[in-house]
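From a predicted model like this one, the values you see are computed outputs, not experimental measurements. In the text below, chain A, chain B and the rest are named by the order of the sequence lines, each starting its count at 1.
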Amino acid sequence: MQEIRRQIAAEIQHALEEITGEAVDLPRVEDPPRREMGDLACTAALQVAKRLGRNPRELGQAVASRLSEQGVEGVLEFSIAGPGFLNMTLDRAAVLARLLDGFDSGNPDLGMKLLIEHTSINPNKAAHIGHLRNACMGDTFARIHRELGYAVEVHNYIDDTGVQVADVVIGFLDLRGESPQEVRDLPEPFDYLCWDVYTDISERMAEDTTLQERRRDVLLALEHGEGVVAEMGTVVVERIVARHIRTMARLDIAYDLLVKEGDILRLDLWSEAFERLKASDQVRLVTEGKHEGCWVMHLSGVKGFENLEEADKVLVRSNGVATYVAKDIAYHFWKYGLLERDFTYRRLRGLEDAIAAAPYESAGASGERMEFGHADRAVTVIDVRQAYLQAVVAQAFEVIGEHEACRSLTHFAYEMVALTPATAEALGIPVDEASAGRSFVEMSGRRGYGVKADDLISELGQRASAEVATRNPEMGAEECASTGAQLAVAAVRYFLLKYTRNAVIAFDMDDALSFEGETGPYIQYAAVRAARIFDKLSEELGRDVAGAVEGALAEGGDDPLGIRSPGVGERLASDDGELWDLILALGRYQEAIQLAADSLEIAVLAKYGFQLAQQFNRFYHSYPILQAADGADRALRVLVAYAFQQRLRDVLSLLGIPIPDRM
RNA sequence: GCGCCCGUAGCUCAGUUGGAUAGAGCAGCGGACUUCUAAUCCGCAGGUCGAGGGUUCGAAUCCUUCCGGGCGCGCCA
């Protein structure tokens with residue numbers, strides 16, 4: 001089906017070019033607003049007519065006549081409606097032939113390496129739902145690009161030398177008076193403990209200047225890797241990162257490499273990047289004014305920075321310490337293989353119980369040499385508030401003359417997750433006057449306001465598990481729990497992926513805990529239904545349905561269901577309901593993932609999955625399969641349901657949603 | 001102040017890059033389980049697409065001016 005759509009688009013393009021003598025973009029083949037208008041529609045003639053100043057209806061008519069005359073495989077009839085819409089009726093025999101050709105679509109190897117950075121949570125406290133949005137989007141974006149044929153490398157950047165870690169280090173050393181060894185031995189959940197330690201120290205830090213001075217010293221010690229401070233920093237970061245990896249593993253999110261910010265300095269990646277930058281006159285040492293003694297990147301007059309109050313961005317402070325953005329610049333130069341120096345690596349240990357393949361981490365000078373980086377394209381998933389800094393990083397590529405890298409570097413920006421006032425109140429977060437009237441309340445790690453990721457996943461799992469137990473009395477407690485966990489994954493991931501990037505998600509607990517309507521479990525339910533039908537049919541048939549269908553599709557294979565019988569084609573030709581609608585929906589798969597990839601809108605794919613499931617549920621209600629009137633009806637319905645099952649499996653796999661056996 | 005984003009049904013959101021009668025879910029009302037799982041399906045009701053002006057065959061979508069809201073503009077990360 002998707003091949004048919006693609007070919008039709010190419011034919012329309014060709015016809016338009018022949019008629020007008022002008023180059024024309026590959027047009028989009030869409031669904032008409034109402035089915036009576038046809039199976040497919042295209043507005044390309046209108047757009048081209050506008051550009052060339054021609055009469056749209058006439059141009060459309062010319063295209064329709066031409067295509068009708070020459071004939072296009074898969075299309076029975078072309079017609080023109082309104083101002084020049086090209087509507088098409090499909091040749092169902094051709095569609096059936098495509099269905100019978102099988103469903104595999106092998107991934108072409110594009111020979112392109114895409115490096116995706118996501119998650120990148122400050123390693124000083126438990127992950128909250130805002131972090132989950134980042135990770136879910138990044139993970140599905142990675143899955144989509146693997147499907148599209150990219151070599152994908154997923155990074156999680158660990159800021160192990162920042163203020164947030166420093167604060168928790170001070171909390172343990174100064175406030176709680178604990179040694180690194182004692183902290184190493186503290187019980188789990190360590191990230192929950194740190195959540196509170198961080199809140200506590202943040203409050204004190206705000207009004208205690210000696211603590212603020214202490215923070216400066218701690219930051220320096222962390223950066224240089226010296227003494228008990230650095231030791232504490234290592235313990236905190238290692239333990240928190242392990243917790244984050246486990247949290248994400250619950251949602252089937254994994255990484256290839258964790259890059260630690262400290263290693264960028266320790267291994268002199270920054271020094272090398274700095275030398276490159278200094279060669280340009282845009283990066284220079286300031287000798288007077290408020291930035292005296294700092295190395296800055298000069299941004300005035302640069303596209304995108306025209307209206308800055310402050311046209312200089314500090315890269316190296318007057319005390320010689322590189323800023324966060326400076327290290328990020330070095331990291332990004334390295335991502336594109338622009339630096340001579342490299343990290344060393346080692347496998348992250350102690351996660352064998354939680355994750356199949358533990359990620360590698362950067363390892364100072366002591367690890368082994370491996371091949372990471374050298375990307376053709378790099379995508380950074382960070383919320384929209386980082387847009388300015390991301391633009392500075394991109395500009396650094398311009399500064400060293402790497403225009404191609406600057407162009408391909410992408411900031412995957414998205415809006416924050418906040419809480420509905422009702423949910424905030426239920427969590428005991430004070431909702432002030434100003435927020436009360438608004439539609440959401442912002443989370444704050446510093447204040448400890450937020451919904452912890454693990455709490456949400458666990459709560460969902462428990463609710464789902466209880467529901468599964470009610471619906472399946474014969475199911476054991478263990479199976480209920482594991483099924484509940486699978487439903488929780490679907491609920492969380494779909495909830496965080498269904499919104500478009502720049503919508504602020506007002507997180508509502510009741511809404512998120514719902515399993516009905518537009519939710520992940522709804523989609524799972526459709527998949528389970530299809531599987532159950534095939535289970536029963538397999539029993540009846542005395543053989544595996546998938547095998548029977550695949551056998552029928554194979555050249556010369558046996559066909560116990562009669563899928564290749566002429567009756568099947570006749571039934572398809574005369575269908576005027578949800579069966580045909582489902583086939584049309586199946587054809588939009590390729591378009592959905594391509595659009596999701598190009599527009600950075602994961603929601604496009606999420607919605608497609610939902611719509612596909614919805615279409616199947618309608619089909620399910622009107623087209624009994626086991627009780628079909630005769631063999632031809634049954635064979636056709638099995639074929640369509642099977643095609644749906646295969647396709648939905650692909651979509652759910654991209655969304656990172658598992659398919660339970662029963663629910 | 002400057003920049004970016006948002007404003008669509010009671011609520012939460014889509015809207016295929018300017019197309020045909022603006023769609024989903026939730027909430028509400030009414031139906032469908034002796035039939036492949038009712039976590040489902042069908043129907044009803046619900047809209048001055050923030051407001052005004054403009055561009056054209058055609059605007060929720062593009063331009064512009066307002067109104068309302070969010071975010072960003074550190075020698076923090």
Side-chain angles (χ1 to χ4, degrees), chain A residues 28-34 37 41 43 46-47 49-50 55-57 81-85 87 122 159 161-166 219 261 290-296 304-310 313-319 321 323-325 327-328 383-389 413 415-416 418 420 438-440 442 464 467-468 471-472 487 498-506 508 510-511 514-519 521-522 524-526 528-530 532-537 588 591-592 595 599 603-604 607 610-611 614 617-618 620-628 637 641 662-663:
Chain A
R28 273 186 105 103
V29 176
E30 303 164 8
D31 299 330
R34 283 183 306 288
M37 299 166 174
T43 60
L46 292 165
Q47 278 142 28
K50 171 120 179 170
N55 181 311
R57 172 108 195 173
F85 301 111
N87 291 334
N122 270 311
D159 183 6
T161 55
V163 171
Q164 311 219 26
V165 170
L219 273 170
E261 188 192 61
K290 71 173 192 177
H291 286 154
E292 184 178 348
C294 296
W295 283 87
V296 302
F305 295 94
E306 295 91 344
N307 299 303
L308 278 184
E309 230 170 82
E310 181 52 70
K313 180 68 200 168
V314 173
L315 297 181
V316 180
R317 303 179 180 99
S318 51
N319 66 358
V321 176
T323 57
Y324 171 81
V325 72
K327 289 173 269 191
D328 213 21
D383 75 80
V384 69
R385 291 175 291 195
Q386 306 284 337
Y388 167 67
L389 285 185
E415 267 291 355
M416 61 172 174
T420 58
R438 289 194 206 136
S439 55
F440 58 81
E442 200 172 344
E467 188 68 29
V468 171
R471 289 163 191 267
N472 303 275
L487 298 193
K498 73 175 176 180
Y499 298 94
T500 48
R501 289 184 294 137
N502 43 21
V504 175
I505 297 182
D508 186 79
D510 293 335
D511 212 11
S514 159
F515 300 135
E516 292 172 12
E518 194 190 342
T519 65
Y522 174 96
Q524 286 178 312
Y525 190 63
V528 170
R529 277 183 149 171
R532 293 288 282 177
I533 295 170
F534 290 157
D535 283 348
K536 297 221 167 176
L537 188 55
R588 288 170 30 225
E591 180 183 292
L595 188 60
S599 61
V604 170
K607 296 267 178 200
F610 174 67
Q611 284 160 9
Q614 207 175 26
N617 277 330
R618 294 189 184 120
Y620 176 93
H621 274 270
S622 325
Y623 293 75
I625 292 178
L626 300 179
Q627 306 297 326
R637 292 169 190 187
R662 279 188 294 170
M663 62 185 277

| said: Using the side-chain heavy atoms of A:Ser318, tell me which of these nucleotides is nearest: B:G72, B:G70, B:C75. | reply: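 When the side chain of A:Ser318 is considered, B:C75 is the closest of B:G72, B:G70, B:C75.
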| Among B:C13, B:A77, B:G72, the one nearest A:Gln386 by side-chain distance |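 Between B:C13, B:A77, B:G72, the one nearest the side chain of A:Gln386 would be B:A77.
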| query | Is a salt bridge present between A:Arg588 and A:Asp31, judged by a nitrogen-to-oxygen distance below 4.0 Å? | reply |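 Salt bridge between A:Arg588 and A:Asp31, a charged N being under 4.0 Å from a carboxylate O: yes.
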| A:Arg317 and A:Glu292 ion-paired at < 4.0 Å |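 No salt bridge links A:Arg317 with A:Glu292.
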Considering only atom [atom1], compute the distance from [N] to [M] and round it to an integer number of Å.
| N | M | atom1 | value |
| --- | --- | --- | --- |
| B:G58 | B:G19 | P | 14 Å |
| B:G47 | B:C2 | P | 38 Å |
| B:C13 | B:U8 | C1' | 9 Å |
| B:G53 | B:G72 | C1' | 30 Å |
| B:A38 | B:G52 | C1' | 50 Å |
| B:U55 | B:C44 | C1' | 40 Å |
| B:G15 | B:A20 | C1' | 15 Å |
| B:C11 | B:C57 | C1' | 38 Å |

| said: Run A:Lys607 and A:Glu518 through salt bridge (Lys or Arg N to Asp or Glu O under 4.0 Å) and show every step you take. | reply: CA-CA 9 Å; A:Lys607 296 267 178 200; A:Glu518 194 190 342; 3.0 Å; yes
For [X], report the nucleic acid contact type (base, sugar-phosphate, nothing); a contact means any heavy atom under 4.0 Å.
| X | value |
| --- | --- |
| A:Ala387 | nothing |
| A:Asn122 | sugar-phosphate |
| A:Tyr499 | sugar-phosphate |
| A:Val165 | nothing |
| A:Val316 | nothing |
| A:Val384 | nothing |
| A:Leu487 | base |

Just how far, in rounded Å, is [atom2] of [N] from [atom1] of [X]?
| X | N | atom1 | atom2 | answer |
| --- | --- | --- | --- | --- |
| A:Arg532 | B:U40 | CZ | P | 17 Å |
| A:Gln627 | B:U34 | CD | C1' | 12 Å |
| A:Met416 | B:G70 | CE | P | 9 Å |
| A:Asp510 | B:U12 | CG | C1' | 13 Å |

Need the pair for [N]. Rule: Watson-Crick or G-U wobble, both distances under 3.5 Å, any strand; none if unpaired.
| N | result |
| --- | --- |
| B:G72 | B:C2 |
| B:C41 | B:G31 |
| B:G18 | none |
| B:U48 | none |
| B:G10 | B:C26 |

| For B:C33, glycosidic torsion class - syn if within 90° of 0, otherwise anti |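 Base orientation relative to the sugar is syn.
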| message | Within 90° of 0 counts as syn, otherwise anti: where does B:U17 fall? | response |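 Judged by the O4'-C1' to base torsion, B:U17 sits in syn, the angle falling within 90° of 0.
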Quick one: is [X] getting a side-chain N or O under 4.0 Å of the [N] phosphate, OP1 or OP2?
| X | N | result |
| --- | --- | --- |
| A:Arg529 | B:A38 | yes |
| A:Arg501 | B:C5 | no |
| A:His621 | B:U40 | no |
| A:Tyr620 | B:A38 | yes |

With no hydrogens and no angle check, is any side-chain donor or acceptor of [X] less than 3.5 Å from a backbone partner on [Y]?
| X | Y | result |
| --- | --- | --- |
| A:Ser514 | A:Asp510 | no |
| A:Arg57 | A:Gly82 | yes |
| A:Arg532 | A:Arg662 | no |

| Are A:Tyr522 and A:Phe515 close enough that their ring centres sit under 6.0 Å apart? |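 Between A:Tyr522 and A:Phe515, the centre distance exceeds or equals 6.0 Å.
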| query | Does A:Leu626 or A:Leu219 map to a spot on RNA chain B nearer the 5' end, using the closest nucleotide for each? | reply |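 Of the two residues, A:Leu626 wins.
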| When the nearest nucleotide of RNA chain B is assigned to A:Lys536 and to A:Cys294 on a heavy-atom basis, which residue is associated with the more 5' position? |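 First, find each residue's nearest nucleotide; the 5'-ward one identifies A:Lys536.
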| task | Going 5' to 3' through nucleotides 16-29 of chain B, assign each nucleotide B (protein heavy atom under 4.0 Å from a base atom), S (under 4.0 Å only from sugar-phosphate atoms) or - (no protein heavy atom that close). | result | SBBBBB--SSS---
| query | Can you check whether A:Gln524 reaches A:Leu487 side chain to side chain, under 4.5 Å on heavy atoms? | reply |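 Yes, side chains in contact.
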| message | Applying side-chain contact (heavy atoms from CB on, under 4.5 Å) to A:Trp295 and A:Val314, what does each step give before you reach the verdict? | response | CA-CA 6 Å; A:Trp295 283 87; A:Val314 173; over 6 Å; no
| query | With no hydrogens and no angle check, do the side chains of A:Tyr324 and A:Asp159 hold a donor and an acceptor under 3.5 Å apart? | reply |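 Checked: A:Tyr324/A:Asp159 side chains show no N/O donor-acceptor pair below 3.5 Å.
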